[in-house]
Structure formats: C-alpha cells, structure tokens
Amino acid sequence: MASSGCWKCLLRPSVPVSRPIIANASASFSTTTTLNANPPKKKTGAVKIVKPHQRAGSSLKIKKKAFVKPAGRPPMPGERKALRKRIVLSNTNALEVPMTDLSKDNLLDETLVGKVAGLPDVVVDQLRAVEAFKITQGWGLFRRPAILVREDSVKLARMLEAATEKKEACRVLLDGQRGAGKSMLAVHAMASAFLKGWVVINIPEAQELTTATTDYSPVPNTTPQLYSQDTYVANLLSQIGKANNAVLSTLTLSMEHKDAPIPLQSNISLARLVELGARDPDIAWPLFNIFWREITAAGRPPVMMAMDGLSYFMQYSEYRNPDFDLIHAHDLALVKHLMDHLSGSTKLPNGGAILGVMSRSHAPKSLAADLAITQTEERQLGRPRTKADPFTKYDERSLKVLGNVPVLRLQGLSRAEARGLMEYWASSGVMRTVVDEKTVAEKWTLAGNGIVGEIERGALKMRI
Amino acid sequence: MSPRLNLFRASRSLAIRSKSSVSPYQPRIFQTTARRGFADEKATGPNQDVLGHVSEEAADMGDITGETKPDLGQGTPVQEILERDEKGKENAPEVIKKEIQESTEAQALSTEAHALSIEHLVALRQMENIAAGKQASHEVTHGHKFGVPDLPIPSMSNLHYRYDTVVDQVTNLIMEHGKLSKAQRDMSFILNHLRTAPPPQVNPARPLLPGTPPPSHLPLNPVLYLTAAIDSVAPLLRIRSMKGAAGGGTALQLPAPLGLRQRRRTAIKWILDSASKKRSRGSGRGQFAQRVAEEIVSVVEGRSAVWDRRQLIHKTGTSARANLNVMAAKMRRR
C-alpha cells in the first residue's frame, strides 16, 4: 500500500494519519448486567401470517407418506439366511412312486437308463452332510429324493469302476450348457461313491474359497507363499467326518506324525482325528494334512473329491498378500491341494476320483478353462487343435492344470430319458398333463433338444 | 386426367386355367352357382345336352306328342347290341373290338374324374354329415389339413393363450414396471408353494365356493387352489358413489354389479395389498411371492382379513340397494 508521505525522503506526511478506531469502546470488565431487548417471539402454528405478495390457497404441497411399520415379530438374527439356504427334500403332497433304489450292484446297470432311481435314506443323509443338494434343484417337489439315470451317469460309473480296478484317480471335468445336469451328475457320482464305501470330500461352491468371504492366513515355511483358510477347512473337516463316519470310524491312525500341532494318541480313529480338526480352526489345516497322509496310506478306501463352479479356481482370488497384490487361487493351500490332484501331478495311490464341475450360469468367464476344454475335446475326438489366440492373455497356471484333464460334456437328454423323467413327474402328481409322444416331443424340442433344466422349467416350474 | 380405356386389359382376367386333379382346398360353404368353370371341363349346362341319335330323338318326340314311336330295336347300332351280348363280343370283328375297348377306357376315366370333382366330394361329405346326425348345410369339416380350432382356444394351443385365465390375470397384477418375466417367476413360486404346503384346513364359517373339491385335493392342482381362493373372496358388487346425490353435498352410495373378471381383479388386489403389508421372514428375491402364497393359503383357511373386506362391501351393498329406487324415481321425474 502506498503511503501518503514520500518514502524516499522520509518526510513527515502532509496529511495526518487518522487515529486508529478503538474496537471496544466499553470497559473490558463491568459488573452491570447488560440490558438487551428480548429475542423476537416465535411464530405459532395457529396464526398464519399471509404476506401481501403471497396468494392464499392453491399451492402444491406434497405430503410424505408415513412409513408403515410392518406388523409381526422381526426375524431373529440368522433366521433370514437360514430360510434362504434351507433345503427341502420332501413334499408330502406328492404321490409315492414305486421305483428301484440306487445300490452298489445296479450302478453299471444299463437297463436303468431312462428311469428314475431313488436315493437310499443313508445316502441322502450323507449327501446332505457334504452339501451336495442345492436350493435351485427341484428336490422339494417330490415325495423323496430320486435321480434320473442317464447314459452319461452309467458312463461315469464305468469310469469310476475302471479307476478302482487300476488303483488310479479318475479325473473328469464335467461341462455342458446351463441346465444340462452337471451338478446333478456330480450328485449321482457322489451317491455312487458313498454306496461303494469311498471317502467323499465335496466343495459345494468354489466361490466360497476365492471371493474373500472366509478368513485366510499364511502357511509358514512355504515358497511360494501359500495361504490356508482355517475356518473353511475346519468346517470341511466336520462335513467329512459327518458324511463318512461309517468308513472313518473303522480306520485308525497307521503312522506317527511328528509335525502334529497337538499330541495325538496313536490308536485314535480317523473320525476322531477329523473331529479334532473340526473343533479348532487354528489346527485345522495341519490336521487336514495329517488326515490326507492317513487316507492315502496303503490299504485305505478310495477317495472322491468333487468341486462345483470350477472357473472360480481358474483365476486370481480376491484375497491380497502383504504387498496388496491379488493372490492367485492356486496359492490358496486347499485349492492347490485340489488342483494338484485334478491335474494329475499328485496321485491317489488307492484310486478314487476328482470331479471338476463347471458352472455356466453363475461363474466368471475363464478363457483359460474354455481353451483347455476345447483343446481337450478336440484331442478326444481326434480333430485338429484350436490354437491359443496370441493376443489374449490366458491364465497360464490354469492352462497347465486343465491341460490334460479328460472332459465329459453333457448334452441334452435323449427322448427316451426325457420320457422316463416326465413319466416320473406325472406319476408323482406334479405334472398334470398326459405324457405321450406328442407332449414329450414338444417339451424336448422347446427345451433346446432336451436340456434337462429347461424341460423342468417348461413342465414343472413356469407352466403348471 | 381420366385413364384411357384399354381394351386389351379386359381380356387379362379371362385366364385359361387347366383343372387340377385334386382340389387344393375345400371351401367351407360351397356355392355351386357362383363357381367359375374350368376351361377344359365337360360342362353339362341346360343347353349342352347331347341329343340321342335320330331314332331316339323321334322316340322322344313321340313320347311328347303321343304319336306312334319308331321301333328303336330296328335302327340300333351293332355296338349297343354287343354291349349286352358277351358271346357276340368275342366273335365281333377286330375293329369293333378295339372300339369297344377304347370306349370303356374313356368311360372309366370320366367316372374317375367325376369322383374327384368338388361337387362330388362335397356331396359325399354332406351325406356323411347327415349320417352323423347333423344338417346337410352344416360345415363340412373334412378337407382341413389341421382341423378347425376349438373355441375358446384351449391353453396349450396358442402362444397368446398359453396360461390359465386366472394365472394370467394374477401375473399381470403382480407385474411392476412392465417386468413380466419377474412377475412370471413370482407366479411360479406361488404355485410351487401351494403345491408343497400342507393341505389347507377350511374354516366352516367361511366356506369356499360350492363345487370346490375337498381341500386334500387342492395342493396337487395349484391352479385350482388359486382359483378357488380368489373366486371365494371375490365380491359380487362394488359401491359406486354419486356425488351430492343424497342431498346436502352427501354422496349417494349405489351398489353396482361386477363382471367375473372385475370380481377376480378386486379379490386379487385385496390379496396383494394385504401381502405387501406383511413382513417377510426370509431374505432373497422370492419374498413377495412367498407372502402372497401364504396369504392365499390363509384365504382358503378363512384366516385372512380379505374376508372382512368382502363382507363389508356386501353389507354396504345390501343397505345401499334402497338407493337404487331413489335414483330410479329421480330419473322418472325428469
């Protein structure tokens, strides 16, 4: 700011500077009370003051709708989810249908193809324990759980039989369109494994392991670093124990485990071992490893491992490492265990099976899995192999795992199978139309040449 | 500018068509007079009768005039005699034999053509109609490749009439923001819930519509279950209020009857209303459908508040029916 005086010659200013204004003229301290005017009166609601420029009457008033509190007791915590996940396996209104049950002896029976076979009660309990039934499947419409025997089920049963004889793992990748019956075939395979007295381990939803919904912790002394999901493994051990109790309770520990996190008695049964792991998530992963060493020892029964929604395993998981990079699904310890067996790099010395089930309705797209499946199928059929697209980034680890896994592709049902299924529906009283050649042909055709999920949708769900 | 008259165009409509051996379609109502002939058809109109030979003509004339007729036996051609005489045919000269053979073949052809002609077929089918106890003028049902459709169109026959009427109406009333597919999924959930729920215990104080099968039969026929619930609580009438007609600015209440679809609509609206006011027990996407299904069960069991609404409407209607006379009197005075 330029001063009024000349700053070069330091002369006194010609115009006198005004005296500074004193902000507070009153005394800084006073004992007298201040006498202020009262604050203005608040306007009461009853008296309406109409300003001259305001018109009385018609103005738009939008009343907010009052929130209506729904009547009744609010659901308890966990009750809503329990209701959502509830699996109903019986409908007392449906009529009883005479049918043969699946048994150890008729698994390879080709005369059963196209017929619906009942699941024995023991097996139903076991399947329920490993969470093989899903809410989207129509179990709740019929008197008791039963399953259609199709060409592919007998084919798979034969593969399992051959694996048992040769004492090697039957590795299969089940693929097919949405609603083609992949998960149902896995149920069939698990039921036959239970009937044969195998040990069954099931991962009902692969996404539960990779979408970062369960806790994880690094496994010490591993390179590359592996991560174990302790709560999940503890729960898995409890499922294994419940479902395979009949087999595991007859088997006892056969070797000494020096790396056991807790002192183990030498004569406990495997059922007890599994129970110990299920009880404490902190020791679940080491005990799972011990259990695996025991179950693959000489003279043990074959093991079946099944996993549904495989494409979640064929990509990076949503877990992070300490550098905040995404962890690949194959770096999760349990997933790595499954993948080693699926790829065949780890053997099952007592035989058994590893079933990978693709999901085509609710699953991420895995380019690597799709390419591997295409190439494997072409190799199986003796056709020239499709080459990988050089401009696409495939998940190399997944390609390596799925590179030589045999693929079983499910197509639609044959007409005879569709007819058998629809006759079962009709005799259960659930489908209310006459099952003749015309109806079968119509439903079969409308369902994209017998895609079983679509037949069900057209005959049972959307049209009644 | 008027188009110039073109005489060449007139002949275009006179097409020369050869007759097809089998008629491509069968008209439902056959009109002999309106039919146009084919160019090579052997027409037998009133003026196209072929006269007999000379002696036959003379015989006919004799019939009419009453004069003596010529003896036809005398001038009869050899061929006619040979027709009746089998032994004579064998001994006849080759030329005549050949002629006879040709003529019989031509005759066979002409009778075949006659059997295929439209008139013949229609006549045959009219006779079949009479044999079946119908009128000859009744529609000729033969000849339709796929038959005549049944009316009203049954639910499996046409894309647009795919679902049961009640199911269709409920689905449309459930629908929000034009999302039909979502409404259909809800509908299927409702019907499946009715299928799997235990059979309803009907309250004798609130009976279902007479003619409904016993409650134990309902779950396996969910469409019937739904229909029974809706039809049982459907009101017979609605209350129409006439502004200021009761005097002193008071509205006059007048009962008005409802049609079947309207009655059902009202009942469905009530059911959906009370379902939407309930609290859902679970979570996920099928919650509204679940509540609607539970409401339908409670309607059939007589627990639902929808019954009270129906009763209220009916009571008001009963007391308001006197107003109909008031209105009628008013109208007469005018």
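All of these numbers come straight from a predicted model, not from anything done at the bench. Computed from heavy atoms alone, side chains included, the values below leave out hydrogens, waters and symmetry copies. In what follows, chains carry the letters A, B, and so on, assigned in the order in which the sequence lines appear, proteins first and then strands, with residues in each chain numbered from 1.
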Contact residues of residues 92-99 of chain A (partner chain B; heavy-atom separation under 4.5 angstrom): A/Asn93, A/Ala94, A/Leu95
More than 12 heavy atoms of other groups within 6.0 Å of A/Gln177 CD: no
Which atom of A/Pro75 lies closest to which atom of B/Ser280, heavy atoms considered: CG-O, 4.2 Å
Contacts with chain A made by residues 282-319 of chain B (heavy-atom distance under 4.5 Å), listed by residue number: B/Gly282, B/Ser283, B/Gly284
NZ (A/Lys134) with more than 12 external heavy atoms under 6.0 Å: yes
CG (A/Asp121) with more than 12 external heavy atoms under 6.0 Å: no
Greater than 12 external heavy atoms within 6.0 Å of B/Arg206's CZ: yes
CD (A/Glu79) with more than 12 external heavy atoms under 6.0 Å: yes
Residues in residues 217-231 of chain B that sit under 4.5 Å from chain A, counting heavy atoms only: B/Pro219, B/Leu220, B/Asn221, B/Pro222, B/Val223
Greater than 12 external heavy atoms within 6.0 Å of B/Arg185's CZ: yes
Minimal non-hydrogen separation, B/Arg279 against A/Arg73, with atom names: CD-O, 3.8 Å
Within 6.0 Å of CZ in A/Arg178, more than 12 heavy atoms from elsewhere: no
Which residues share a side chain to side chain contact (heavy atoms under 4.5 Å, CB included) with B/Asn192, sequence neighbours left out: A/Leu141, A/Lys461, A/Ile464, B/Ser188, B/Arg195
